[in-house]
Trainee: 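Quick one: structure below, then a few questions.
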Amino acid sequence: NDTNVPDFILMGLTDSEEIQLALFIVFLLLYLITVLGNVGMILIIHLDLQLHTPMYFFLTHLSFIDLSYSTVITPKTVANLLTSNSISFRGCFTQMFFFVFLGTAECYLLSSMACDRYVAICCPLHYPVRMSKRLCRALVIGPYVIGFIDSLVNVVCMSRLHFCKSNVIHHFFCDTSPILSLSCTDTYDIEILILIIAGSTLMVSLITISASYVFILSTILKINSTSGKQKAFSTCASHLLGVTIFYGTLIFTYLKPRKSYSLGRNQVASVFYTIVIPMLNPLIYSLRNKEVKNTLIRVMQRIRYFLGL
């Protein structure tokens, strides 16, 4: 495919050297916290047999996706703040492939987690039987498969475009809208296809999550005791908060025509869901979870005992 563009230039977030240095420090710290938080969550769940339940099985994969999601974007963004902003054509489309793949997988994984919370609250007596290992694996493998197919279709279609207008991407990573704006061929059909894929992902996952929480809320309202209601709600509060933050930024950024694309607003939203949210999720799911906090305390006590402190 003759694209007439051997590589792209990522404009980044700012031209100011002082601001670039500040962003370098902030993004590097956020990425280190993201790695520590998500790897720590995976290890804690793996080490504690009490956490080998469907909910934490899904949470392990959410941490893995968040870690991978951030790693696809943040290290390159941090490096570009101090060095050359160039990225090869293949490198750009590879980054976009994993970005779309992991983003789509996270949408459907959050849907799987909502189904898990529905069964746990609405059918607690049948929970161990219904949420079998086989079903849990299917609810995890499905998001990865759908994400891979969606991303493959997206990248294959976009890689056939000709880029002869410019090689400057007005963004800090290879996202679909900024790349489409560089094409010198008609992108209408591809834009419609991407809108359908992205819209379907958001609608299917949001409908699943919304339906689950309608039944959950209905069940919680039927509980007589206040303590019972609080206990039931606490089991899904973290997931509900994570869903609200994640989908809010995605809808703001992507579920609209390219003509309404605003560089400044979209970059701020992109920083939030590519760099900030992967860091927040381990905090959201651990600080509000007594089981995780208790396990963390036990692990820290073992480490102190092992070190003789």
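Just so you know, these numbers come straight off a predicted model, no measurement behind them. Just so you know, residue 1 is the first one in the sequence shown, and it goes up from there.
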Trainee: Taking only residues two or more places apart in sequence or in another chain, which ones pass disulfide (SG to SG under 2.5 Å) with Cys136?
Mentor: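 Disulfide (SG to SG under 2.5 Å) list for Cys136, sorted by chain: empty.
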Trainee: Within this structure, what is the CG-OG distance for the pair Asp175 and Ser270, rounded to the nearest 0.5 Å?
Mentor: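 Result: 5.5 Å between the selected atoms.
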Trainee: Hydrogens and angles aside, do Tyr247 and Ser205 bring a side-chain donor and acceptor to less than 3.5 Å of each other?
Mentor: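 Their side chains do contain a donor-acceptor pair, which is all the 3.5 Å distance test asks for.
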Trainee: Between Ile275 and Tyr31, does the side-chain contact (heavy atoms from CB on, under 4.5 Å) criterion hold? Intermediate values first, please.
Mentor: CA-CA 7 Å; Ile275 299 176; Tyr31 181 65; over 6 Å; no
Trainee: Would a line drawn from the ring center of Phe93 to the ring center of Phe89 be shorter than 6.0 Å?
Mentor: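 Yes.
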Trainee: Under a 4.5 Å cut-off applied to non-hydrogen side-chain atoms, are Glu106 and Leu110 in contact?
Mentor: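 Yes, side chains in contact.
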Trainee: Nearest 0.5 angstrom please: Lys133 NZ to His52 NE2, how far?
Mentor: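 Here the interatomic distance stands at 10.0 Å.
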Trainee: I would like to know whether Val145 and Ile141 meet side-chain contact (heavy atoms from CB on, under 4.5 Å); could you show each step before the answer?
Mentor: CA-CA 6 Å; Val145 172; Ile141 293 173; 3.9 Å; yes
Trainee: Please give me the minimum heavy-atom distance between Ile42 and Phe64, naming the atom from each residue.
Mentor: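 Heavy atoms only, the tightest pair is CD1-N, 3.9 Å.
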Trainee: Let me see the working for Ile9 and Ile169 under side-chain contact (heavy atoms from CB on, under 4.5 Å), right down to the final yes or no.
Mentor: CA-CA 6 Å; Ile9 303 296; Ile169 299 175; over 6 Å; no
Trainee: Do the ring centers of His61 and Phe57 come within less than 6.0 Å of each other?
Mentor: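 Centroid distance His61-Phe57: below 6.0 Å, so yes.
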Trainee: Transitively linked via ILVMFWY side-chain contacts under 4.5 Å: Leu82 with Leu23?
Mentor: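 Cluster IDs for Leu82 and Leu23 match.
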Trainee: Do Asp116 and Tyr127 get their side chains close enough for a donor-acceptor pair, meaning under 3.5 Å?
Mentor: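 Yes.
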Trainee: Sorted by first residue and then second, give each salt bridge (charged side-chain N to carboxylate O under 4.0 Å, His left out) pair with at least one member in residues 122-132; sequence neighbours left out.
Mentor: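 Output for this query is empty, none listed.
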Trainee: Does atom NE2 (His46) have a neighbourhood of more than 12 heavy atoms from anything else shown, all under 6.0 Å?
Mentor: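 Check fails, neighbour count at 12 or below.
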Trainee: With side chains defined as the heavy atoms from C-beta onward, is the minimum distance between Ile194 and Leu180 less than 4.5 Å?
Mentor: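 Ile194 vs Leu180: side chains touch.
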Trainee: State the CG-CG distance between Leu81 and Asn85, to the nearest 0.5 angstrom.
Mentor: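 Leu81 atom CG to Asn85 atom CG measures 8.0 Å (nearest 0.5 Å).
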Trainee: May I ask whether Tyr108 and Leu59 are part of the same hydrophobic cluster, defined by side-chain heavy atoms of I, L, V, M, F, W, Y residues being less than 4.5 angstrom apart, directly or through others?
Mentor: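 No; Leu59 is not reachable from Tyr108 via cluster members.
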Trainee: Going by atom types alone, do His239 and Tyr285 pair a side-chain donor with an acceptor below 3.5 Å?
Mentor: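 Their side chains do not contain a donor-acceptor pair, so the 3.5 Å distance test is not met.
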Trainee: Considering non-hydrogen atoms only, spot the tightest contact between Asp186 and Leu161 and give its length.
Mentor: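 The pair with the smallest heavy-atom distance is O-CD2, 4.4 Å.
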Trainee: List the atom of Val140, the atom of Pro143, and the distance in Å for their closest heavy-atom pair.
Mentor: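 Minimum heavy-atom separation between Val140 and Pro143: O-CD, 3.1 Å.
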Trainee: Do you know the tightest heavy-atom contact between Lys231 and Ser234?
Mentor: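 The answer is O-OG, 2.6 Å.
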Trainee: Would you say that Ile209 contacts Met113 through its side chain, given a criterion of any heavy-atom pair below 4.5 Å between the two side chains?
Mentor: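 Counting from C-beta outward, Ile209 and Met113 never come under 4.5 Å.
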Trainee: Would you mind reporting whether Ser151 and Thr104 have side-chain heavy atoms less than 4.5 Å apart?
Mentor: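 Counting from C-beta outward, Thr104 and Ser151 never come under 4.5 Å.
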Trainee: Looking only at the aromatic ring of each residue, does the gap between the centers of Phe98 and Tyr69 stay below 6.0 angstrom?
Mentor: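 Aromatic pair excluded; centres sit 6.0 Å or further apart.
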Trainee: Going by atom types only, do Ser183 and Thr185 share a side-chain donor-acceptor pair under 3.5 Å?
Mentor: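 Indeed, the side chains of Ser183 and Thr185 share at least one donor-acceptor pair under 3.5 Å.
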Trainee: Give the C-alpha distance, both sets of side-chain angles, the deciding distance and a yes or no for side-chain contact (heavy atoms from CB on, under 4.5 Å) between Val155 and Cys157.
Mentor: CA-CA 5 Å; Val155 171; Cys157 290; over 6 Å; no
Trainee: Going hydrophobic residue to hydrophobic residue with side-chain gaps under 4.5 angstrom, can you get from Val243 over to Ile146?
Mentor: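 No, because Val243 and Ile146 fall into different hydrophobic clusters, even though each may have its own neighbours under 4.5 Å.
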Trainee: Can you check whether Ser218 reaches Lys222 side chain to side chain, under 4.5 Å on heavy atoms?
Mentor: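 Of all side-chain heavy-atom pairs linking Lys222 with Ser218, at least one is under 4.5 Å.
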Trainee: Could you check Thr34, Asn38, Asp66 and say which one makes a side-chain hydrogen bond (donor to acceptor under 3.5 Å, both in side chains) with Asn281?
Mentor: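 Among Thr34, Asn38, Asp66, the one meeting side-chain hydrogen bond (donor to acceptor under 3.5 Å, both in side chains) with Asn281 is Asp66.
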Trainee: Are any of the side-chain heavy atoms of Val271 and Phe27 separated by less than 4.5 Å?
Mentor: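 When only atoms from C-beta onward are counted, Phe27 and Val271 do touch, with a gap below 4.5 Å.
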Trainee: Hydrophobic cluster membership, with links at side-chain heavy-atom distances under 4.5 Å among I/L/V/M/F/W/Y: are Met11 and Phe99 in one?
Mentor: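 No, separate clusters.
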Trainee: Using the rule that two of Ile, Leu, Val, Met, Phe, Trp, Tyr join whenever any of their side-chain heavy atoms come within less than 4.5 Å, decide whether Leu67 and Phe148 are in one cluster.
Mentor: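 Result: no, two separate clusters.
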Trainee: Using a 4.5 Å cut-off on heavy atoms from C-beta on, say whether the side chain of Asn154 contacts that of Met96.
Mentor: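 They are in contact (side-chain heavy atoms under 4.5 Å apart), so the answer is yes.
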Trainee: Enter the distance from Met279:CE to Thr274:OG1 here, rounded to the nearest 0.5 Å.
Mentor: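 These two atoms lie 12.0 Å from each other.
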Trainee: Determine whether a donor-acceptor pair (N or O, by modelled atom type, separation under 3.5 Å) exists between the side chain of Thr187 and the backbone of Ile190.
Mentor: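 Answer holds: no.
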Trainee: Kindly indicate whether the side chain of Ile73, heavy atoms from C-beta on, has any atom under 4.5 Å from the side chain of Phe172.
Mentor: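 In short, these two side chains touch, coming nearer than 4.5 Å.
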Trainee: Please find the pair of heavy atoms, one from Cys92 and one from Ile179, that lie closest to each other, and give the distance.
Mentor: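 So the minimum-distance heavy-atom pair works out to SG-CD1, 3.7 Å.
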Trainee: How many angstroms lie between CZ in Phe173 and OG1 in Thr77, if you round to the nearest 0.5 Å?
Mentor: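 Answer for the CZ-OG1 pair, Phe173 versus Thr77, is 8.0 Å.
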Trainee: In Å, rounded to the nearest 0.5 Å, how long is the span from CZ of Arg160 to CE of Met158?
Mentor: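 Between atom CZ of Arg160 and atom CE of Met158 there are 13.5 Å.
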Trainee: Which atoms form the tightest heavy-atom contact between Ile121 and Ala232, and what is the distance?
Mentor: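 The pair with the smallest heavy-atom distance is CD1-O, 3.4 Å.
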Trainee: Is the backbone of Thr71 close enough, under 3.5 Å, to the side chain of Thr74 for a donor and an acceptor to pair up by distance?
Mentor: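 No; judged by distance alone, with no hydrogens or angles, the pair does not exist.
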Trainee: With Cys236, which residues qualify under disulfide (SG to SG under 2.5 Å), at least two apart?
Mentor: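 Counting only residues at least two positions away or on another chain, Cys236 forms no disulfide (SG to SG under 2.5 Å).
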Trainee: Would you check if the side chain of Ser112 reaches a backbone N or O of Leu139 as a donor-acceptor pair within less than 3.5 Å?
Mentor: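 The answer is yes, because a donor-acceptor pair under 3.5 Å joins these two groups.
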Trainee: Taking atom OH of Tyr144 as the centre, report whether more than 12 heavy atoms of other residues, nucleotides or ligands fall under 6.0 Å from it.
Mentor: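 Check passes, neighbour count above 12.
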Trainee: Kindly state whether the ring of Phe163 and the ring of Phe8 have centres lying under 6.0 angstrom apart.
Mentor: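 Close enough - the centres of the two rings lie under 6.0 Å apart.
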